[in-house]
Amino acid sequence: MKRELAKQYEPGEVEGRIYHRWLDGGYFHAPCDPDKKPYTIVIPPPNITGQLHMGHALDETLQDILIRWKRMCGYDTLWLPGTDHASIATEAKIVAAMREEGLTKEDLGREKFLERAWDWKKTYGGRIVEQLKSLGSSCDWDRERFTLDEGCSRAVREVFVNFYNEGLIYRGNRMVNWCPCCNTSISDAEVEYSEKESNFWHLLYTVKETGEKLELATTRPETMLGDTAVAINGDDPRYAHLHGCHCILPLLNKEIPIVCDEHADMTKGTGVVKITPAHDPNDFEVGLRHHLPIVRTFTYDGHLTGKAEKEAADALLASGRAAENEPEVLDCGKYAGMTTMEARKAILADLEAGGYLKYTEPLKHDVGTCYRCHTDIEPMVSKQWFVRMEPLAKPAMECVEKGEIKFVPERFTKNYMNWMKNTRDWCISRQLWWGHRIPAWYCADCGAVIVEKEDPTVCPKCGGTHLEQDPDTLDTWFSSALWPFSTLGWPDETEDLAHFYPTDTLVTGYDIIGFWVSRMIFSGLAHTGKAPFNTVLIHGLVRDAKGRKMSKSLGNGIDPLEIIDKYGADALRFALATGNSPGNAMRFSDEKIEASRNFANKLWNANRFILMNLTDDEPAPHIPANLAIEDKWIISRYNDLVHDVSNSLENFELGIAVQNLYDFIWDVFCDWYIELAKTRLNGEDAAAKETVRAVLVYVMSNTLKLLHPFMPFITEEIWQALPHEGETIMLSPWPKFDEELTFRAEENAMERIMAAVKAVRNRRSEMNVPPSKKAKLFIETKYRDDFEAGRQFMFRLAYASDVEIGEGFPSDGTVSVITESARIYIPLNELVDIEAEKARLTKELEKAQSDLAFVDKKLNNPGFVEKAPEAVVNGQREMREKCLAKIAMLEESLGKL
RNA sequence: GGAGGCAUAGCUCAGUUGGCUAGAGCACCUGCUUGACGUGCAGGGGGUCAUAGGUUCGAGUCCUAUUGUCUCCACCA
């Protein structure tokens, strides 16, 4: 039982050993026991390409705290882990690696490419999982999932087909955000805006009918070849005479109509706008309203279109199978094949030469970029698959309005609602290979579109066998949206699904409320009829010590693995939980992690002390008979701690729970109780020794349980070394607040003794009396019993050589120390300066009198006495009594001098 | 343009439904080989809680405005 512990805590040696013991014990596995209440969290699946960063570390720490706490509370607790295939991110990395070898996707072909991708997943997907383990995450690894595994893929297919049949998924030509670097469409949510320097180019288009020059400005002159109209506002008096007229498009000498549209804002610029339906989201809408031709002039990889592209498009249009809004393609002639930037230069040069460029105005504006590669986004009309959002968003908003899902902190509800309200149809197809392939087939014979759960071989319309599957894959977030139920076996009605779904708490950063949280909510409601979780706990981002976002480009990222290596996973977790309040950003600094490491070490040493005092056959934790006053005090304080920590956890106030634990362990237990305990431990009374050992073990082992969710490794290691019952602290029952363990009278008595100790120390320190110089203490008090009980502590804690409790002590050659409950004379003869004593006591008296005045002001206010809660008023009355007592003693002492 | 956060000690931040005269860590100053710990112990200095109003018996906490700062969303011919 008894074990020597090292002088300093060495996390490296402990953590791996303990984690394996937990794994071997199967403690993380949720049994799916129908008799127990479930508590479920699904992990936000990290990307397989990812490396553990501080954001993950925070996210996982918060989840593990909740999970370990609920598990100890007796829930059938499931923390379901897994990873995300991260289509764009992964594909981009593999393509980049292939480029090193001089290979392209096309060189390999789809099948070989996917083989590579799966190899990649095997290598790196495992890495992030191992990193999660090093944090101490108590995930049920038996249930680990991957968004592209068989089950998740089946769920994706089910959802796609159902939505398609319900008309909630459709395919069409729409304006999408195109990334010419990733070569794929991306959703609105995936566009990031950043400010860039550019220009307004003021162009002149000639009006055919009047010959006048119409001035308009553009930031994107390279799109002008695709202009199919010029818009003015119908109410604009400046251009009333132009209704029904036409412009001659420069360079192409093409006639295009002047249309009246509300999009043209009279107050901006000249009030004239060029309309390029194929390459601008607003212009696309204008084009639809006025039935303008849609003329595409860019290729999907960011070049200007030429003869080949035009011929292909013409053929499609001629075939009669083109979808609605199928764009025409322009052969851009001399500009064909140029990149958009090259084309901008060439076209501007030609416009200037032709006298069509009036002037250039410098401008800073926000440009949309791809959130993965930060290439400028090209708005393009393109044929894609979309999810119709309006019918899905409605119930998703209602469910949050009705409180079925609660955001913590609440203010993020607004964020969510805002996103849901403004969202447009979700573009879900991606021109990528790594992902869930769209389950749609096109019949080459009749052009039918077939969307089915099983791969079709024959066209159901014409019986033809020339079927071709859509080459595109789905947005990564399409499968993540199903994560809370696809991972539990949906669409099958599994036991896991019945028991663990809906899940309970979702923990994530505010940055993916739109990407992920909202999509899980509408998906859960649409497919399972239930909200996928009841609480969304939002945390902020982890920033560096200067408050900057940690990022690769800044190179200021702190690697959590290095921190674990140096300080231990417990210290990292504790640092991340400390001072963390929901939704707020937190900075990570060396001081913080060092403070946490020091705390772990403090805890470790407190237990070294306990262990070195225990006997070889120390009994299991229990509350012994014959408790001393200080035992009742610490047990009562501990009991309050149980209440406070439990309460804070219930309210997701993890930072407050951590603070409570820190203060109790360090200030209350170590700095006071252990010191108080030494008196008996070093004494000769065997029975008293037995009692104090039992109290030390009882309070410590239970406090370890409260701390366990935050610092799982060290608490397990110490708990095992102490007398204990059960295999692991992980599965020991969470302490309960017990009315029987509240001893307020003893708490008050101890407070009086401790106040006296502090006052003596303070006085001695002020007078520069070293601890080695002991002095006798004369104590006058009306709490005689309390001080009799506490007299023994005066020797150790207040440097007393002797203690006398009584009355009428001499004031000559002594200093008097006055607390609310006692006057203590310390004979320090040669050190005493009567004048200084007078001055000090006078100052204290003034302070006490002003304190009294402060209290009286409140108590003399009828409004306060009538309206404030009784407890608050009584508190003030007690305070008044204490002030009066102190004043009386101070006055008496001054009188004696 | 819309929405939201933050503003508290030299620094980084807590402060739970308004209720003892505002706390912690770090830094700073003074003591200490106190038989668990110097990653420690004891003591100390340091804040008119951004500004101005308001509600209330009572405001760091709630409301309004202002200033500074950060973030998100939208728009940008």
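Please read all numbers here as calculations on a predicted model, not as lab measurements. Here is the naming used below: chain letters follow the sequence lines, and residue numbers restart at 1 for every chain.
With rounding to whole Å, A:Phe609 atom CZ is found 7 Å from B:rA36 atom C1'.
Nucleotides B:rU61 and B:rA3 have their P atoms positioned 23 Å apart, rounded to a whole Å. Distance check on atom C1': B:rC70 versus B:rA50 gives 15 Å, rounded to whole Å. The same atom, C1', is picked in B:rU39 and in B:rG25; the two are 14 Å apart, to the nearest Å. The separation of B:rC62 from B:rU16, taken at their C1' atoms, amounts to 15 Å, rounded to a whole angstrom. Taking atom C1' on both B:rC73 and B:rA59, the two are 33 Å apart, rounded to the nearest angstrom. Rounded to a whole angstrom, the distance from the P atom of B:rC29 to that of B:rG23 is 24 Å. One P atom belongs to B:rU51, the other to B:rA9, and the distance between them is 11 Å to the nearest Å. Of the C1' atoms belonging to B:rA14 and B:rC76, the separation is 42 Å, rounded to the nearest Å.
Among the protein residues, A:Ile674 comes within range of the nucleic acid bases, having at least one heavy atom under 4.0 Å from a base atom. A:Phe599 comes within 4.0 angstrom of no nucleic acid atom, judged by non-hydrogen atoms across all strands. Contacts of A:Thr578 with the nucleic acid, taken as non-hydrogen atoms under 4.0 Å apart, are absent. Using a 4.0 Å heavy-atom cutoff across all strands shown, A:Val272 reaches at least one base atom of the nucleic acid. Base engagement by A:Asp265 is indicated by at least one non-hydrogen atom pair under 4.0 Å involving a base atom. Nucleic acid contact for A:Glu866: none, since no nucleic acid atom lies under 4.0 Å from a heavy atom of the residue. Across all strands shown, A:Pro869 has heavy atoms under 4.0 Å from base atoms, whether or not it also approaches the sugar-phosphate. Using a 4.0 Å heavy-atom criterion, one finds that A:Arg761 contacts the sugar-phosphate atoms exclusively. Among the atoms of the strands shown, only primed sugar atoms or phosphate atoms (P, OP1, OP2) are found under 4.0 Å from some heavy atom of A:Trp666. Base contact: A:Lys867 has a heavy atom under 4.0 Å from a base atom.
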Ignoring hydrogens and angles, write down the donor-acceptor pairs under 3.5 Å from the side chains of residues 256-266 of chain A, residues two or more places apart or on other chains.
{"unit_1": "A:Asp261", "atom_1": "OD1", "unit_2": "A:His263", "atom_2": "N", "d": "2.7"}
{"unit_1": "A:Asp261", "atom_1": "OD1", "unit_2": "A:Arg289", "atom_2": "NH2", "d": "3.0"}
{"unit_1": "A:Asp261", "atom_1": "OD2", "unit_2": "A:Arg289", "atom_2": "NE", "d": "3.0"}
{"unit_1": "A:Asp261", "atom_1": "OD2", "unit_2": "A:His290", "atom_2": "NE2", "d": "2.7"}
{"unit_1": "A:Asp265", "atom_1": "OD1", "unit_2": "A:Thr267", "atom_2": "N", "d": "2.8"}
{"unit_1": "A:Asp265", "atom_1": "OD1", "unit_2": "A:Thr267", "atom_2": "OG1", "d": "2.7"}
{"unit_1": "A:Asp265", "atom_1": "OD2", "unit_2": "A:Thr267", "atom_2": "OG1", "d": "3.4"}

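The nearest heavy atom of RNA chain B to A:Asn651 and to A:Ala606 marks one nucleotide each, and the one closer to the 5' end goes with A:Asn651. Between A:Gly271 and A:Glu10, it is A:Glu10 whose nearest contact on RNA chain B lies nearer the 5' terminus.
Cation-pi geometry between A:Lys602 and A:Tyr662 is not satisfied (NZ or CZ under 6.0 Å from the ring centre, within 45° of the ring normal).
Set against B:rG15, B:rU21, B:rA36, the side chain of A:Asn605 has B:rA36 as its closest nucleotide. Which of B:rU34, B:rC37, B:rU16 sits closest to the side chain of A:Pro771 comes down to B:rU34.
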| How does RNA chain B look in dot-bracket notation if pairs are Watson-Crick or G-U with both distances under 3.5 Å, crossing ones as [ ], other-strand ones as |? | (((((((..((((.....[...)))).(((((.......))))).....(((((..]....))))))))))))....
| What does nucleotides 22-30 of chain B look like as a protein-contact string, B for base, S for sugar-phosphate only, - for none, at under 4.0 angstrom between heavy atoms? | --SSS---S
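One can find a donor-acceptor pair under 3.5 Å joining the base of B:rA36 and the side-chain atoms of A:Glu675.
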